[in-house]
Each structure stands twice: as C-alpha cells, then as structure tokens.
Amino acid sequence: MKEHVKKTITCLLVAIFIFLPVGEALACTGLIVGPGVSADGNPIIGRTEDWSSSYNKTLKVTEAKTYKEGDMYEDVYGFTYPMPEKTYKYVSIPDGYQDEGDIFEAAGWNEKGVTMTATVTATANDQALAADPLTDTGIYESSVVSVVLPRIATAREGVEVLADIMDTKGVQEGAIVVIADQNEIWYMELLTGHQYVAVKYPEDTYSVFPNCFMLGRVDLSDTENVVASKDLVNLAREGGFLVEEEGMINVKKTYAEPLSSGCRDRLWGGINFLDKDKQIPHGSEDFDLFQKTDKKISLKDAMEFQRYRYEGTDKDANLAENHGKVRPIGTVE
C-alpha cells in the first residue's frame with residue numbers, strides 16, 4: 001500500500017510544480033521519465049505552460065458523482081459527450097483566470113491513482129490536415145482532462161476513452177496527451193481531425209516533447225502496446241503522404257509539420273540537459289522521442305529542466321546577443 005501511494009505522488013509532483021506561471025509564447029514543453037531511468041524508480045510526467053505570467057494556477061477538487069442516462073458533458077466550444085453512470089473524485093489544476101467559461105483543467109489526478117497532462121499543442125502538416133481536417137465539434141485540448149480523468153481507473157482506459165472520442169467526434173486542435181497510473185505510462189498524439197496513435201511508454205527511456213509530434217516508426221500490429229485510428233495508414237496512403245520505414249508507418253514523417261526552430265531549440269537543449277553525455281548537435285536531422293540513458297534522472301533534475309535556458313552553451317537565452325533568437329525551455333517574461 002505504501003508503494004502504491006509513493007508511486008502515485010512521485011508521478012504527480014512534477015505535474016503540480018511545472019505549472020508555475022511563465023510567459024513569452026503560447027507553447028509548452030513536455031517531459032516523461034520512465035521508472036527505469038528515474039532516480040527513485042518512479043515515473044515522472046509533466047510539462048511547462050508558457051502562457052502568461054498572470055495566469056496563476058489553482059487546485060480544484062471535483063467530487064465523485066452519479067449521472068442519469070442522457071446526461072452529457074458540454075463545453076464552451078460545442079463539444080458534447082455522454083457522461084458515465086458514475087465518476088471518480090479527481091483533483092485538477094486549472095488557470096486562476098477563466099476565459100469565456102473554459103475552465104481549462106490542463107492536468108490532474110483521480111482517486112484511482114491515474115494522472116494526466118493534456119495540453120502540449122501540436123500541428124499536423126498541410127497534406128494531413130487537408131485529408132482529415134480538424135472538426136468544429138470535436139474535443140478541444142482544454143476539455144481532455146475534464147472529460148477523461150473522472151471516468152478512468154487505468155491509463156489504458158484513458159487512451160480508449162480518447163480513442164472513442166476521436167472516432168466519433170474528432171478533435172478541434174492537435175495535441176499530445178500523457179496518462180500514467182501505478183503500472184504504466186501512455187503517450188498519445190491527436191494528429192488530425194480523427195487520426196491518432198498512442199503507445200505504451202518504454203520504462204527505460206526519457207522523452208522531451210515540445211509543440212511537435214514526435215512518434216517515429218510504430219508497429220500497428222502490436223495491439224498490446226499500440227492503439228491507433230483504423231485509417232491512420234490508409235488515409236495517408238490515399239493522400240500520397242505516407243512515409244513507411246521497415247514496413248511500418250513513420251508517424252512523424254507522415255503527419256507532423258516540419259520541425260520549427262523553436263521546437264528544435266527545446267529538443268536539443270532538453271535532451272542534452274537530462275543526459276549531458278549525449279551532446280546531440282543542434283542541427284541534427286532528427287530527434288528521437290525515446291531517449292536511452294545510463295543516467296538516473298531525479299525529480300530535482302526534472303524541475304531544473306523546466307527552468308533551463310541553455311546556460312553554459314552558445315545559445316544561452318540569458319545573453320543579450322541571443323535575445324529573441326533562441327526558444328528556451330524556461331521562459332521568464
């Protein structure tokens with residue numbers, strides 16, 4: 001029982017603290033540390049929220065509830081979804097400022113020990129969006145936690161709920177979602193209107209993911225560890241933008257937009273910060289989502305990662321000559 005509690009809390013601490021208010025650009029940088037490479041053997045997930053220095057975070061407790069048939073969840077963006085018979089009690093971390101009724105529960109955890117972070121925004125490429133446009137009545141990233149977390153007892157269940165929403169309603173904005181429980185972590189990319197892919201996260205890796213889709217080759221036949229939309233490959237093949245490698249779809253090369261300089265900065269800086277022996281060049285052709293390391297990454301390391309501005313490198317964002325030219329992980333304005 002003690003191990004159960006410890007594992008839950010350690011996984012959640014970063015989800016609490018990394019939501020410190022920072023400003024500079026509308027963007028986020030996500031982090032996952034698998035239990036095999038974390039210093040205490042517990043998983044770490046979280047992200048920064050680079051929105052505004054005036055958007056303080058609050059803790060909101062939503063009690064378990066019972067619903068009758070026909071009751072619906074409805075948000076301010078036109079998305080609706082049936083409520084289950086019963087929900088679980090959960091704690092979320094919305095902005096102190098609410099915009100037009102959008103509570104924006106960007107992260108949280110529930111009484112079953114499931115935690116999630118849901119709002120690393122990402123965009124698919126033009127060909128993919130033309131083939132499968134974003135929908136007007138699908139789920140918006142700010143509603144993901146509110147809809148999913150109260151109704152799931154495991155991380156895999158969270159993926160299945162989101163998959164059903166994507167299949168039936170779609171999504172209004174591309175996003176990356178991470179869901180964890182005491183046994184596993186799932187990483188999920190909501191790519192286009194109805195296309196998605198989720199993978200069970202390897203325990204012996206760590207990941208940095210800014211505002212870009214990161215999955216490379218994915219074996220869709222491995223249904224134990226992969227959940228994907230049924231038309232993920234066929235849509236891309238028919239649209240002429242499918243990229244396959246070794247008989248598998250490369251999701252990033254198929255669906256992601258070209259890597260921006262701001263995402264490149266954060267990938268280069270974050271991956272190397274967490275394992276300084278890597279020394280991955282800034283101009284690398286590609287950055288893998290799943291990074292191997294012999295290092296042990298602590299909760300303190302994860303916190304320092306969120307503040308990192310490339311100190312000690314030629315891209316130090318604190319230097320006047322780099323102002324406005326590099327995109328740091330830790331924003332200050």
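Hydrogens, waters and symmetry mates are skipped; everything else that's a heavy atom, side chains included, is used.
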Name of the residue among Thr123, Asp132, Val197 meeting side chain to side chain contact (heavy atoms under 4.5 Å, CB included) with Leu191: Val197
Where Tyr255 and Leu232 come nearest, the two heavy atoms and their spacing: OH-O, 2.6 Å
Donor-acceptor under 3.5 Å (Tyr310 side chain, Arg327 main chain): yes
Side-chain touch Glu160/Leu162, heavy atoms, less than 4.5 angstrom: no
Common cluster, Val61/Tyr88, ILVMFWY with side-chain heavy-atom separation under 4.5 Å: no
4.5 Å side-chain heavy-atom contact, Glu173 and Ile139: no
Single-linkage hydrophobic cluster, 4.5 Å side-chain cutoff, Leu220 and Leu215 together: yes
side-chain hydrogen bond (donor to acceptor under 3.5 Å, both in side chains) between Tyr196 and Asp167, worked out: CA-CA 9 Å; Tyr196 59 88; Asp167 290 337; 3.1 Å; yes
Lys300 backbone acceptor or donor facing Glu304 side chain under 3.5 Å: no
Side-chain heavy-atom pair Leu190, Val177 within 4.5 angstrom cut-off: yes
Check: Asp301/Ser298 side-chain N/O donor and acceptor closer than 3.5 Å: yes
In one Ile/Leu/Val/Met/Phe/Trp/Tyr side-chain cluster, 4.5 Å: Ile280, Val33: yes
Ile176 versus Pro210, closest heavy-atom pair with distance: CD1-O, 4.1 Å
Heavy-atom closest contact (Phe209 atom, Leu31 atom, distance): CE2-N, 3.5 Å
Atom CD of Glu69: over 12 foreign heavy atoms under 6.0 Å: no
Donor-acceptor contact present, side-chain Asn322 to main-chain Val326, <3.5 Å: no
Interatomic distance, Asn250 atom CG to Leu242 atom CG [nearest 0.5 angstrom]: 9.5 Å
Residues Asp181 and Thr154: side-chain donor-acceptor under 3.5 angstrom: no
Asp286 and Lys252 ion-paired at < 4.0 Å: yes
Gap between atom CG of Leu289 and atom CD1 of Ile32 - 0.5 Å precision: 6.5 Å
Transitive ILVMFWY side-chain link Tyr308 to Phe287, under 4.5 Å: yes
Which atom of Trp186 lies closest to which atom of Val226, heavy atoms considered: CH2-N, 4.0 Å
4.5 Å side-chain heavy-atom contact, Glu189 and Val251: yes
Pair Tyr77-Asp136, side-chain donor/acceptor within less than 3.5 Å: no
Backbone N/O of Lys315 and side chain of Thr313: donor-acceptor pair under 3.5 Å: yes
Flag, side chain of Glu311 to backbone of Arg309, donor-acceptor distance under 3.5 Å: yes
Under 3.5 Å side-chain donor-acceptor pair for Glu105 and Tyr90: yes
Under 3.5 Å side-chain donor-acceptor pair for Glu257 and Asn125: no
Parallel, tilted or perpendicular: rings of Tyr73 and Phe79 (30°, 60°): tilted
Verdict with reasoning, Val171 to Met166, per side chain to side chain contact (heavy atoms under 4.5 Å, CB included): CA-CA 6 Å; Val171 70; Met166 290 292 289; 3.6 Å; yes
Six-ring centre of Tyr67, Lys65 cation under 6.0 angstrom, axis tolerance 45°: no
Spatial distance of atom CG (Leu274) from atom OG1 (Thr293) [nearest 0.5 Å]: 8.5 Å
Closest heavy-atom pair and its distance - Val159, Met188: O-CE, 3.9 Å
Any donor-acceptor N/O pair, Gln182 side chain to Gly113 backbone, under 3.5 Å: yes
Side-chain donor or acceptor of Glu111 paired with backbone N/O of Lys89 under 3.5 Å: yes
CD-CD1 distance between Gln291 and Ile271, expressed to the nearest 0.5 angstrom: 4.0 Å
Phe273 and Phe305 aromatic ring geometry - parallel, tilted or perpendicular at 30°/60° bounds: tilted
Value rounded to 0.5 Å, distance of CZ in Arg156 from NZ in Lys200: 9.0 Å
Same cluster (ILVMFWY, side-chain, under 4.5 Å), Leu319 and Ile329: no
Glu244 and Arg217 ion-paired at < 4.0 Å: no
Interatomic distance, Ile179 atom CD1 to Met116 atom CE [nearest 0.5 angstrom]: 4.0 Å
Residue Glu224 excluded, over 12 heavy atoms near CD under 6.0 Å: no
NZ/Lys278: more than 12 non-hydrogen atoms of other groups inside 6.0 Å: yes
Main-chain N/O of Thr87 paired with Arg151 side-chain donor or acceptor, under 3.5 Å: no
Steps toward side-chain hydrogen bond (donor to acceptor under 3.5 Å, both in side chains) verdict (Asn318, His323): CA-CA 7 Å; Asn318 299 307; His323 184 71; over 6 Å; no
Enclosure of Lys68 NZ (heavy-atom neighbours >12, cutoff 6.0 Å): no
Intermediate values then yes/no, side-chain hydrogen bond (donor to acceptor under 3.5 Å, both in side chains), Thr121 and Asn211: CA-CA 5 Å; Thr121 311; Asn211 301 99; 4.7 Å; no
Side chain Ser143, main chain Ser146, donor-acceptor under 3.5 Å: no
Donor + acceptor pair across side chains of Thr29, Arg266 (<3.5 Å): yes
Distance-minimising heavy-atom pair for Ala236 and Thr254: CB-CG2, 3.5 Å
Worked verdict on Phe290 versus Tyr201 for ring-ring contact (aromatic ring centres under 6.0 Å, His included): CA-CA 9 Å; Phe290 304 116; Tyr201 192 81; 5.6 Å; yes
Check: Lys169/Thr80 side-chain N/O donor and acceptor closer than 3.5 Å: yes
Donor-acceptor contact below 3.5 Å, side chain Ser38 vs main chain Gly41: yes
Derivation and outcome, side chain to side chain contact (heavy atoms under 4.5 Å, CB included), residues Val147 and Ile165: CA-CA 10 Å; Val147 174; Ile165 290 172; 3.8 Å; yes
Residues Ser229, Asp231; criterion side-chain hydrogen bond (donor to acceptor under 3.5 Å, both in side chains); working and verdict: CA-CA 6 Å; Ser229 50; Asp231 291 326; over 6 Å; no
